Amino acid sequence: MAITLPDGSVRDYDAPTTGAEIAASIGAGLAKAALAVKVDGELRDLKRAIDHDAALEIVTSKSPDALELVRHDAAHVLAQAAKELFPDIQVTIGPVIEDGFYYDFSRSEPFTPEDLEKMEKRMAEIIDRDDPIDREVWDRDEAAAFFESVGESYKSEIIRDLPADQTITLYRQGDWIDLCRGPHLPSTGKVPKAFKLMKLAGAYWRGDSRNEMLQRVYGTAWLNKDQLKDHLTRLEEAEKRDHRKLGREMDLFHFQEEAVGSVFWHDKGWRLYRTVQNYVRRRLDAEHYQEVNTPQMVDRSLWEASGHWEKFREHMFTAQTEDDRIWAMKPMNCPCHVQIFRQGTKSYRDLPLRMAEFGSCLRYEPSGALHGLMRVRAFTQDDAHIFCTEDQITSETIRFCELLSSIYSDLGFEAFVVKFSDRPDVRAGEDAVWDQAEDALKAAAEAANLDLELNPGEGAFYGPKLEFVLRDAIGRDWQCGTLQVDFVLPERLDATYVAESGDRKRPVMLHRAILGSFERFLAVLIEHYAGHFPLWLAPTQYVVATVTNEADDYATEVHAQLAQAGLVGLLDTAADKISYKVRQHSVGKIPVILAVGKREAEERTVSIRRLGSKEQQSLALADAIHTLTNESQPPA
RNA sequence: GCCGAAGUAGCUCAGGGGUAGAGCAACUGAUUCGUAAUCAGUAGGCCGGGAGUUCGAAUCUCCCCUUCGGCACCA
């Protein structure tokens with residue numbers, strides 16, 4: 001039997017053999033380091049028989065697959081530990097996730113943080129035992145009966161639902177046996193002690209809120225302790241830049257109980273908001289969007305016509321007036337934009353018609369969904385609808401993508417990925433219309449040179465969508481932009497235009513947003529920059545701080561000239577030490593500190609210190625104003 | 001909405017049936033100083049809200065609200 005190794009060499013073995021034996025025949029070191037094998041590209045247990053010619057690769061901790069194996073085994077060790085400590089629980093599933101794993105258990109009593117510590121300790125003991133992990137193939141019915149007999153009804157339910165042609169495998173480690181597809185490490189001792197149980201949470205069985213709630217234990221697992229430490233450090237860094245914390249510290253906004261899910265924007269936060277909004281408005285103007293503004297409150301009949309009443313009624317704020325009319329606070333802008341489109345007769349010559357609104361919407365989001373600025377009940381979208389012909393979908397998509405990537409880049413985000421979400425189970429419109437919409441959007445995305453990740457079944461109820469997910473400074477992803485093709489709403493709300501032929505036709509609506517909502521985007525922006533905004537975005541751009549009161553007059557003049565040049569900043573003439581002032585304003589994340597003392601006053605210069613730098617630069621006042629004015633100009 | 005945890009000064013937190021605490025911030029005064037903390041003093045609280053137990057509740061019990069971590073949801 002010929003086994004081809006990654007370096008191209010071919011070795012001959014008697015069949016059957018195993019990955020473990022092959023590794024041993026190559027070298028004792030490799031045998032020890034081996035975690036699993038790849039047979040013709042398929043990841044397998046080291047101990048599983050190999051009985052045919054194959055390309056083979058020994059997987060060690062250096063392989064890209066190692067982390068996944070280790071995390072998967074850590075999940076199993078957790079399940080074993082939990083079962084040993086709490087024999088009355090049922091185990092369910094425990095997959096690998098980003099940075100680690102989780103395991104869902106069924107138990108009437110909630111786990112406590114102390115239980116978490118116990119489980120972690122027991123996991124270490126199981127690893128020390130170094131129990132061999134062995135694969136067994138079982139008959140389906142026997143396996144289901146077995147799990148039923150030991151009180152593991154979730155496992156037997158999983159088995160019953162597995163596809164008929166799937167081999168049922170169980171893995172035995174020590175006294176514990178679990179249903180699993182594998183592959184696994186050869187023994188529990190191979191799991192590095194570089195894991196940590198992170199948190200407890202509730203999670204629905206099979207992800208369905210109609211099902212019972214299980215108890216989920218989250219863990220993080222790595223190949224070595226250094227990696228674990230790095231991960232924990234990254235989490236601490238993320239916590240420091242949490243927009244809720246920075247929002248308070250930088251005096252940008254607050255929330256309070258009387259207005260759950262709505263933002264109280266303070267002076268500085270609102271300045272940031274306006275800066276971003278004004279920037280986006282200029283970009284839209286340049287792209288020939290019409291900016292409109294539509295009613296906050298609209299009679300329910302419009303939402304019934306659009307289909308939103310039926311689908312989202314319980315998530316809408318409503319008001320009833322003396323005349324018994326029911327009004328809905330608009331949860332979105334599209335139906336209103338169609339009303340503007342319907343005013344007067346539109347011609348094909350009017351298309352594409354790009355209608356934009358900084359649309360303030362209200363949605364009664366479920367209480368558990370609220371999260372700082374990221375998910376609120378009152379928010380403003382940078383919304384627009386492009387009314388166009390089918391032929392224009394491609395060119396409008398390309399145009400939009402160019403605008404979007406340019407705006408992201410100006411705002412400091414260079415990387416983003418695009419997801420394509422197609423028809424959901426519950427939807428409006430005929431399948432033929434969906435075919436048409438999906439094909440059109442996909443073709444347009446291809447024409448725009450986008451690399452698409454597929455996101456099946458995640459489209460809006462009226463059409464497929466592209467989702468633009470940007471990556472922030474510490475590698476986290478945030479969905480912000482969207483582009484959705486809609487053939488349904490123009491039909492429902494009876495939007496038409498007169499075609500070249502003189503016939504009335506339905507326009508296509510492209511729903512699109514770049515930031516998504518200002519609230520959410522500003523949260524992302526705050527966290528991306530960790531509050532250290534570039535000058536054009538910073539709500540307070542500079543502070544003029546005196547070294548002694550002898551420089552007060554000059555400092556006042558510097559401040560006045562900067563303000564005259566359009567910059568926003570502070571004057572600090574308090575009788576404190578300059579080092580104290582530097583600290584105060586650095587903590588306040590003011591990007592530029594201009595220190596002026598006797599020397600500067602005499603020479604008519606300023607000493608500039610940038611946030612995050614210990615360097616100082618002495619510049620003539622006029623040059624400093626010139627430099628800072630240039631730097632504070634928005635990109636467009 | 002569901003599971004779990006938490007709400008004490010502006011912030012971070014201690015206290016745990018018998019008069020409400022600290023550090024930082026704030027305010028007042030002094031300090032005139034060269035790039036991340038000068039000194040002293042003052043003020044600040046219905047201990048998230050409501051009910052109950054008790055001679056007495058910030059503390060114990062119940063209900064509610066909000067926040068946090070997840071799940072579900074996200075037009």
Side-chain angles (χ1 to χ4, degrees), chain A residues 102 104 110-113 198-218 242 244-245 248-249 251 254-261 303 306-316 330-335 361 363-372 374-375 377 379 381 383 424 426-428 458-463 465 479 482 484 486 488-489 511 516-517 520 545-552 573-588 593-600 607-616 618:
Chain A
Y102 67 75
D104 285 347
F111 287 126
T112 64
M198 303 297 284
K199 53 197 169 199
L200 291 162
Y204 297 109
W205 167 236
R206 298 198 150 168
D208 189 329
S209 60
R210 287 167 300 190
N211 289 340
E212 61 274 30
M213 184 151 272
L214 305 171
Q215 293 189 59
R216 178 169 295 179
V217 178
Y218 280 94
D242 187 309
R244 292 167 298 188
K245 184 174 149 70
R248 190 171 54 230
E249 289 172 359
D251 192 19
H254 84 272
F255 291 92
Q256 67 185 51
E257 290 193 16
E258 291 81 356
V260 176
W303 307 106
S306 71
H308 292 97
W309 189 263
E310 191 194 356
K311 191 162 161 55
F312 293 109
R313 198 242 151 301
E314 65 276 25
H315 297 295
M316 285 159 79
K330 73 172 166 184
M332 49 168 3
N333 310 297
C334 353
C361 298
R363 294 180 187 176
Y364 185 69
E365 299 286 5
S367 56
L370 301 175
H371 179 96
M374 294 284 186
R375 191 86 179 268
R377 285 177 174 161
F379 56 93
Q381 300 174 318
D383 201 8
V426 182
R427 57 179 181 263
E458 297 292 320
F461 80 94
Y462 49 72
K465 61 184 180 187
Q479 198 235 300
T482 183
Q484 306 168 8
D486 182 4
V488 174
L489 210 55
H511 304 242
S517 87
R520 182 182 159 79
T546 52
V547 179
T548 81
N549 283 2
E550 289 174 276
D552 281 4
T573 55
D576 292 310
K577 295 211 287 202
I578 189 66
S579 55
Y580 178 78
K581 295 184 185 181
V582 166
R583 184 185 144 78
Q584 289 305 300
H585 301 303
S586 298
V587 167
I593 299 175
L594 301 158
V596 298
K598 222 168 150 181
R599 200 162 64 221
E600 285 78 11
S607 164
I608 298 189
R609 181 189 168 116
R610 303 279 181 158
L611 180 59
S613 162
K614 289 197 189 329
E615 310 288 311
Q616 298 144 48
S618 184

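All of these numbers come straight from a predicted model, not from anything done at the bench. A note on names: the letters A, B, ... follow the listed sequences, proteins ahead of strands, and every chain is numbered from 1.
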Residue [X], side-chain heavy atoms: nucleotide from [options] that is nearest:
X	options	answer
A/Pro366	B/rA75, B/rG4, B/rC73	B/rC73
A/Tyr580	B/rA72, B/rG34, B/rU38	B/rU38
A/Arg609	B/rA75, B/rC71, B/rU35	B/rU35
A/Phe312	B/rU38, B/rA75, B/rG4	B/rA75
A/Arg216	B/rC71, B/rC68, B/rA36	B/rC71
A/Gln616	B/rA75, B/rA72, B/rU35	B/rU35

Using the [atom1] atom as the reference point in each nucleotide, state the distance between [N] and [M] in Å, no decimals.
N	M	atom1	answer
B/rU8	B/rC13	C1'	9 Å
B/rC74	B/rA6	P	31 Å
B/rG48	B/rC68	C1'	15 Å
B/rA22	B/rG18	C1'	22 Å
B/rC55	B/rU67	C1'	36 Å
B/rC46	B/rG7	C1'	15 Å
B/rG70	B/rU28	C1'	48 Å
B/rC60	B/rA25	P	33 Å

Heavy-atom donor-acceptor pair, [X] side chain to [Y] backbone, under 3.5 Å:
X	Y	result
A/Glu310	A/Gly307	no
A/Arg520	A/Ser517	no
A/Arg363	A/Phe379	no
A/Gln215	A/Phe111	yes
A/Arg609	A/Gln616	no

Would you classify [X] as touching base, sugar-phosphate or nothing, given that sugar-phosphate means primed atoms plus P, OP1 and OP2, and contacts are heavy atoms under 4.0 Å?
X	result
A/Ser209	sugar-phosphate
A/Pro331	base
A/Tyr102	nothing
A/Ala460	sugar-phosphate
A/Gly207	sugar-phosphate

Any side-chain N or O of [X] less than 4.0 Å from the OP1 or OP2 oxygen of [N]?
X	N	value
A/Arg583	B/rA25	no
A/Lys199	B/rG70	yes
A/Tyr218	B/rC71	yes
A/Lys465	B/rA75	yes
A/Arg610	B/rU35	no
A/Ser579	B/rA36	no
A/Arg313	B/rA75	no
A/His371	B/rU67	no

Taking only nitrogen or oxygen atoms into account, show me every contact under 3.5 Å that the protein makes with nucleotides 28-31 of chain B, one pair per line with its distance.
unit_1: B/rU31; atom_1: N3; unit_2: A/Ala575; atom_2: O; d: 3.1

Looking at [N], does its base get a donor-acceptor pair with the side chain of [X] below 3.5 Å?
X	N	result
A/Glu600	B/rG34	yes
A/Tyr204	B/rG1	yes
A/Ser607	B/rU35	yes
A/Arg375	B/rC74	yes

Length of the [atom1]-[atom2] vector between [X] and [N], whole Å:
X	N	atom1	atom2	value
A/Arg363	B/rA75	CZ	P	7 Å
A/Asp104	B/rA72	CG	C1'	13 Å
A/Met198	B/rG69	CE	P	13 Å
A/Glu314	B/rA72	CD	C1'	14 Å
A/Lys245	B/rC68	NZ	P	15 Å
A/Lys311	B/rA75	NZ	P	8 Å
A/Glu257	B/rG48	CD	C1'	6 Å
A/Leu594	B/rG34	CG	C1'	15 Å

Item to check | Partners meeting ring pair (Phe, Tyr, Trp, His ring centres under 6.0 Å) with A/His254 (sequence neighbours left out) | outcome: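 Listed in chain order: A/Phe264, A/His266.
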Checklist entry - What's the shortest heavy-atom distance between A/Tyr204 and A/Asn211, and which atoms? => result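 Residues A/Tyr204 and A/Asn211, closest heavy atoms: CD2-O, 3.5 Å.
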Item to check | side chain to side chain contact (heavy atoms under 4.5 Å, CB included) assessment of A/His511 paired with A/Leu489 | outcome: CA-CA 11 Å; A/His511 304 242; A/Leu489 210 55; 4.2 Å; yes
Next on the checklist: Go nucleotide by nucleotide along RNA chain B from the 5' end; which of A/Leu611 and A/His308 gets its closest nucleotide reached first?
Outcome noted: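 Comparing both residues, the 5'-ward one is A/Leu611.
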Item to check | Position toward the 5' end of RNA chain B (nearest nucleotide), A/Met316 or A/Val260 | outcome: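 Nearest-nucleotide comparison on RNA chain B picks A/Val260.
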Item to check | Gap between atom CZ of A/Arg248 and atom CG of A/Asp242 - 0.5 Å precision | outcome: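 Separation between the atoms: 9.0 Å.
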Next on the checklist: Could you measure the distance from the CH2 atom of A/Trp303 to the NZ atom of A/Lys330? Nearest 0.5 Å is fine.
Outcome noted: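 Reported to 0.5 Å precision, the distance equals 7.5 Å.
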Next on the checklist: Does any part of the side chain of A/Ile608, heavy atoms only, come nearer than 4.5 Å to the side chain of A/Ile593, both counted from C-beta?
Outcome noted: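 No, too far: nothing below the 4.5 Å cut-off.
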Checklist entry - Could you walk me through whether A/Arg377 and A/Leu370 pass the side chain to side chain contact (heavy atoms under 4.5 Å, CB included) check? => result CA-CA 8 Å; A/Arg377 285 177 174 161; A/Leu370 301 175; 3.9 Å; yes
Checklist entry - Between A/Lys199 and A/Tyr102, is a side chain to side chain contact (heavy atoms under 4.5 Å, CB included) present by the stated rule, with each step listed? => result CA-CA 10 Å; A/Lys199 53 197 169 199; A/Tyr102 67 75; over 6 Å; no
Item to check | Duplex segments of RNA chain B, taken as runs of at least three Watson-Crick or G-U pairs that stay under 3.5 Å | outcome: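 Looking at RNA chain B, the stems formed by three or more consecutive pairs are B:1-7 with B:65-71, B:10-13 with B:21-24, B:26-30 with B:38-42, B:48-52 with B:60-64.
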